[in-house]
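Before any comments, here is the structure.
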Amino acid sequence: MSRRLRMWILAVAALGFAALFTSACLRLPGFGGDSHPYGERAVRGALDHRTANVIAAVNFDQRAFDTLGEESILFAAVLGTVVLLRQTREERQVPPAPARVPHAVRRYALVLLPVAVVTGLYVVAHGQLSPGGGFQGGVVVATALHLLYIGADYRALERVRPVGVYEVGDAAGEGAYLVLGLAGLIAGSSFLANTVIGHGTFNTLASGGTVPLLNMAVGMEVACAVVVLLARFLDQAVEIEESSG
């Protein structure tokens, strides 16, 4: 395919997208109006399924299939990073040298580490009740572990971050989401339908039906994926060197 043909295809696709986007924008309700049909339906759907956090209801109930796509994008991105940053024949792995860390930095980092981990887990566990959820909490948990790298050194981080375990956790989180989706089909409903278990009591941890379960699956996948992602980049920066020969 020539460069000229590729540009023509790009131009046609761009014009088509522009036309559809413009058509959609022209049909939007007026700004500042009192008609909010989608918002009203989203709130009603969340309350019907006993989910206090409407955003969580939208993400893990009303459009749970879209969220599966978003989760899968992260999974594929991490998988691609692992493949691209793997050690090659021209590289060798050297043990990292111990680092000197100022006492103030070490003290505050080690104090904040458990606080940050608990905060991230809280955000994941309460995603169906309050702002937050698996995506946000998973990132908090993953980055909290790296306070050990800041407060101690890279070797200390490696002891609490066996990359292989987190790679399994990444795949398990992705798989758990799919299994919960298939459970809806087995129960006689649709894929990812919130009909597998009862919706529980409104505004409690057990409320929302499958919303908290999907939320936890995403939290596991995101936390493990970010840990693996940072591990590969840190390996390149700290341990991997070009072979002298």
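Residues: numbered from 1 along the sequence shown.
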Hydrophobic cluster membership, with links at side-chain heavy-atom distances under 4.5 Å among I/L/V/M/F/W/Y: are Tyr149 and Tyr108 in one?
no
Under 3.5 Å, side chain of Asp170 to main-chain N/O of Phe75, donor-acceptor pair present?
no
Test item: Val140 and Gln136 side chains (from C-beta on) under 4.5 Å apart, heavy atoms
no
If you compare all heavy atoms of Arg106 against all heavy atoms of Val101, which two are closest, and at what distance to 0.1 Å?
N-CG1, 3.9 Å
Could you please spell out the steps behind the side-chain contact (heavy atoms from CB on, under 4.5 Å) verdict for Val163 and Arg232?
CA-CA 9 Å; Val163 179; Arg232 295 304 177 183; 4.1 Å; yes
Does Arg107 CZ have over 12 foreign heavy atoms under 6.0 Å away?
yes
Quick check: does any side chain N or O of Ser23 sit under 3.5 Å from a backbone N or O of Ala19, one acting as donor and the other as acceptor?
no
Sequence neighbours left out, what passes side-chain contact (heavy atoms from CB on, under 4.5 Å) with Val226? Give chain and number order.
Val139, Ala142, Val222, Leu230
Answer with yes or no whether the hydrophobic clustering places Val78 together with Val83; edges join I, L, V, M, F, W, Y residues whose side-chain heavy atoms lie under 4.5 Å apart.
no
Closest contact, heavy atoms only, Ala116 versus Ala144
CB-CB, 3.4 Å
Begin with the C-alpha distance, continue with both residues' side-chain angles, and end with the deciding distance and a verdict on side-chain contact (heavy atoms from CB on, under 4.5 Å) for Arg100 and Asp153.
CA-CA 8 Å; Arg100 293 177 58 89; Asp153 58 18; over 6 Å; no
Intermediate values then yes/no, side-chain contact (heavy atoms from CB on, under 4.5 Å), Gln128 and His49:
CA-CA 11 Å; Gln128 72 277 14; His49 288 177; over 6 Å; no
CG of Leu85 to CD of Gln236, rounded to nearest 0.5 Å, is 5.0 Å
Using the side-chain contact (heavy atoms from CB on, under 4.5 Å) criterion, which residues pair with Pro114? Sequence neighbours excluded.
none
Gap between atom CG of Leu147 and atom CG of Leu110 - 0.5 Å precision:
8.5 Å
Hydrophobic cluster membership, with links at side-chain heavy-atom distances under 4.5 Å among I/L/V/M/F/W/Y: are Phe60 and Leu213 in one?
yes
Validation row: Leu145, Tyr166 side chains within 4.5 angstrom (heavy atoms)
yes
Would you call Phe135 and Val218 a side-chain contact if the rule is heavy atoms closer than 4.5 Å?
yes
Once you round to the nearest 0.5 Å, how far does CG of Leu229 lie from CG of Leu234?
9.5 Å
Minimum heavy-atom separation for Gly127 and Ala56, please, with both atom names.
O-CB, 3.3 Å
Under a 4.5 Å side-chain heavy-atom rule over Ile, Leu, Val, Met, Phe, Trp and Tyr, are Ile197 and Val211 clustered together?
yes
Mind checking whether Arg3 and Arg6 have side chains closer than 4.5 Å, heavy atoms only?
yes
Any chance you could measure Leu10, atom CG, to Leu15, atom CG, to the nearest 0.5 Å?
9.5 Å
Side chains of Asp61 and Thr210: closer than 4.5 Å at any heavy-atom pair?
no
Close side-chain approach of Tyr177 to Leu192, heavy-atom, < 4.5 Å
yes
Any donor-acceptor pair under 3.5 Å from Asn215 side chain to Gly133 backbone
no
Quick check for you: to the nearest 0.5 Å, what is the distance between Asp48 atom CG and Thr51 atom OG1?
9.5 Å
Should we say atom CG of Leu112 is surrounded by more than 12 heavy atoms from elsewhere, each under 6.0 Å from it?
yes
Could you tell me the separation between the CG atom of Leu148 and the NE2 atom of His146, rounded to the nearest 0.5 Å?
9.5 Å
Determine the minimum heavy-atom distance between Met216 and Val124, stating which atoms define it.
CA-CG1, 4.1 Å
Between Ser207 (side chain only) and Thr204 (backbone N and O only), is there a donor and an acceptor less than 3.5 Å apart?
yes
In this structure, are over 12 heavy atoms from other groups packed under 6.0 Å from Phe191 atom CZ?
yes
Leu180 vs Val196 side-chain heavy atoms within contact, under 4.5 Å:
no
Write down the atom of Gln62, the atom of Gly45, and the distance for their closest heavy-atom approach.
NE2-C, 3.9 Å
Contact summary for Arg50 and His199, nearest pair of heavy atoms
CB-O, 3.5 Å
Could you tell me whether a side-chain N or O of Glu167 sits under 3.5 Å from a main-chain N or O of Val228, the two making a donor and an acceptor?
no
Does the pair Leu74 and Glu71 meet the rule for a side-chain contact (heavy atoms from CB on, under 4.5 Å), with working shown?
CA-CA 5 Å; Leu74 176 61; Glu71 181 188 27; 5.9 Å; no
Decide whether Ile73 and Leu214 are clustered together by the hydrophobic rule: side chain heavy atoms of Ile, Leu, Val, Met, Phe, Trp, Tyr closer than 4.5 Å, transitively.
no
Check for a donor-acceptor pair, side chain of Thr67 on one end and backbone N or O of Asn59 on the other, with a separation under 3.5 Å.
yes
Does Phe202 reach the side chain of Leu47, with side-chain heavy atoms less than 4.5 Å apart?
yes
